[in-house]
There are 2 protein chains.
Amino acid sequence: MKEQIPQQSISEQQVGIGELARLSGCKPETVRYYERIGLLPSAPRNQGNQRRYTPAAIRRLTFIRHARDFGFSVDAIRELLVMVDHPSMPCQQVDALARHHLAEVESRIARLTALRDELTQTIDQCAGGSVKQCHIIEVLSEPLH
Amino acid sequence: MKEQIPQQSISEQQVGIGELARLSGCKPETVRYYERIGLLPSAPRNQGNQRRYTPAAIRRLTFIRHARDFGFSVDAIRELLVMVDHPSMPCQQVDALARHHLAEVESRIARLTALRDELTQTIDQCAGGSVKQCHIIEVLSEPLH
DNA sequence: GCTTGAACCTCTAGTCGCTACAGGTATTAC
DNA sequence: GTAATACCTGTAGCGACTAGAGGTTCAAGC
C-alpha cells in the first residue's frame, strides 16, 4: 500500500513477533497477550503495522518467561519488573518475593506429597475384584469426618 | 403462594442446597455448577422451586469432593462415577485411572522439587546489595540457552 | 397473620494464563 | 506476478470454580 522506505533508520537488530517468540520460548499469541495486559510495553510498529522488537524487548520477554517457568504469577512478575527497572534500589524486595514464592512452592510440594502417599496406599490396597469391593472407590466414598 | 402441604411424603431426610454444601465441604454455587455441567443429576425441587437432596445425593457429592481433593479432574470423576454406578464391573479401570493420576501427581512433584531447588539456590546466592547485583534478577535475566 | 432476614433462585460475568479461531493485511521468496 | 508465510484485530474458549445482581421462598418470632 505505502511505498517502501528502503531501510529502518534505527537498527537492523529489530525482529518480528514470530522471531521474538522463538527467541524467548513462547508463542506470538502470548506476546500479544502480554502486551495487552501491560506486561510488555506496546511495541513500535513498522509501516505495515507489524510489531518490531529491539534487543531490550527480547531481554524483557526472556525475563518474563524465565519468571513464569519459575512459577511466578503475572502479578509477581509485574513487581519484579518494577525492580528490574529500578536497578539501584535495594534487592530486599526481590528477595522477599522470591522467598514468599518459595514458601508457596514448598507448600504445594507438601500437599502433593501427602496426596501421593494416600493415593499410593489406596492403590496398593486394591485387591482387584469388582468395583463393589474396590478400596479406591471406598476411600472416595467415605463421608466427611 | 401455594398452600403448604404439611410434610414431604417421601422422607424427612431431604436437605436444602446450603446444608448439602456444608455436609460435603463445598459451596452452594459449586453444587449448582456441578449440576449444570452434569456431574450431579438435576435435583428434584420443592413447591418453591428449591432443590432438595436425598442422602444418596449427599453421598455422591461427597465422593466428588473427595476425588477433587485427591486432584482428579472433573472428567476423571465422570469416569469414576460411571464405575460407581456399575458396582459389579471389574475395578481394573478404577485402578488404571488412579495409577494414571498417581503418575501425574508424581511428575508434578518432581517438577516442583526441581523448581524449589533452583529457587533455593538462587535465593541463597543473593548477597543483599542493590537490584543491579541481585542474583535472582540475574538468573531470571539470562538468555535462553 | 405479618414481618424480617436468611436462604434460595437464575443468569451473567469474572478469575488466571493463556490458546485458538475467523477473517483480513503485509511481507517475502521464487 | 503470485503464492506461501507471517502478521494483524477481535472474540471466544479452556478448567473449575467464584461473585454479583436482582428477584423469590422459607422459617421464625411477634
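Chain naming here is simple, since letters A, B, ... match the order of the sequence lines and numbering starts at 1 in each.
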Q) Quick one: do the B:Arg60 and B:Tyr34 side chains pair a donor with an acceptor below 3.5 Å? A) no

(Q) With a 4.0 Å cutoff (strictly under), does any side-chain N or O of A:Arg32 reach OP1 or OP2 of D:dC8? (A) yes

Q. Rounded to the nearest Å, what distance is computed from the CG atom of residue A:Leu20 to the C1' atom of nucleotide D:dC8?
A. 16 Å

Q: Grab the NZ-P distance between A:Lys27 and D:dC8 for me, whole Å please.
A: 16 Å

Q | Position toward the 5' end of DNA chain D (nearest nucleotide), B:Asp75 or B:Gln50 | A | B:Asp75

Q: Specify the separation, in whole Å, of atom OH of B:Tyr33 and atom C1' of D:dA19.
A: 15 Å

Q: Check whether any side-chain nitrogen or oxygen of B:Arg45 sits under 4.0 Å from OP1 or OP2 of C:dT10, and answer yes or no.
A: yes

Q: Figure out the CD/P separation between B:Gln47 and D:dC26, and round it to whole Å.
A: 7 Å

Q. Is a salt bridge present between B:Glu29 and B:Arg32, judged by a nitrogen-to-oxygen distance below 4.0 Å?
A. no

Q) Nearest 0.5 Å, what's the CD-CZ distance between B:Gln50 and B:Arg45? A) 9.0 Å

Q. For C:dC9, does OP1 or OP2 lie under 4.0 Å from any side-chain N or O of B:Arg51?
A. yes

Q: To the nearest Å, give me how far apart CD (B:Glu29) and P (C:dT12) are.
A: 17 Å

Q) Reckon B:Arg52 has a side-chain N or O less than 4.0 Å from the OP1 or OP2 of C:dC8? A) no

Q) When the nearest nucleotide of DNA chain D is assigned to A:Gly48 and to B:Ser73 on a heavy-atom basis, which residue is associated with the more 5' position? A) A:Gly48

**Q.** C:dT27 OP1/OP2 closer than 4.0 Å to side-chain N/O of A:Asn46
**A.** yes

Q.
If you only use heavy atoms from C-beta on, which nucleotide in D:dA16, D:dT18, C:dT10 is closest to the side chain of B:Arg36?
A. D:dT18

Q) Within the pair B:Tyr34 and D:dA16, is there a side-chain N or O less than 4.0 Å away from OP1 or OP2? A) no

Q | Gap between atoms CD and P, on B:Gln14 and C:dA7 respectively (whole Å) | A | 20 Å

Q: Can you tell me the distance, in whole Å, between the CD atom of B:Glu19 and the C1' atom of C:dA7?
A: 12 Å

Q) Of the candidate nucleotides D:dC17, D:dT9, C:dC9, which contains the atom at the shortest distance from the side chain of A:Asn49? A) D:dT9

Q. In whole Å, what is the span from the CZ atom of A:Arg65 to the P atom of C:dG17?
A. 11 Å

Q: Please state whether the phosphate of D:dT18, meaning OP1 or OP2, lies under 4.0 angstrom from any side-chain nitrogen or oxygen of B:Thr30.
A: yes

Q.
Any salt bridge linking A:Arg111 with B:Asp69? Criterion: basic side-chain nitrogen under 4.0 Å from a carboxylate oxygen.
A. no

Q: Please figure out whether B:Gly16 or A:Val74 has its closest DNA chain C nucleotide nearer the 5' end.
A: B:Gly16

Q. Heavy atoms, side chains only, cut-off 4.5 Å: are A:Tyr33 and A:Leu39 in contact?
A. no

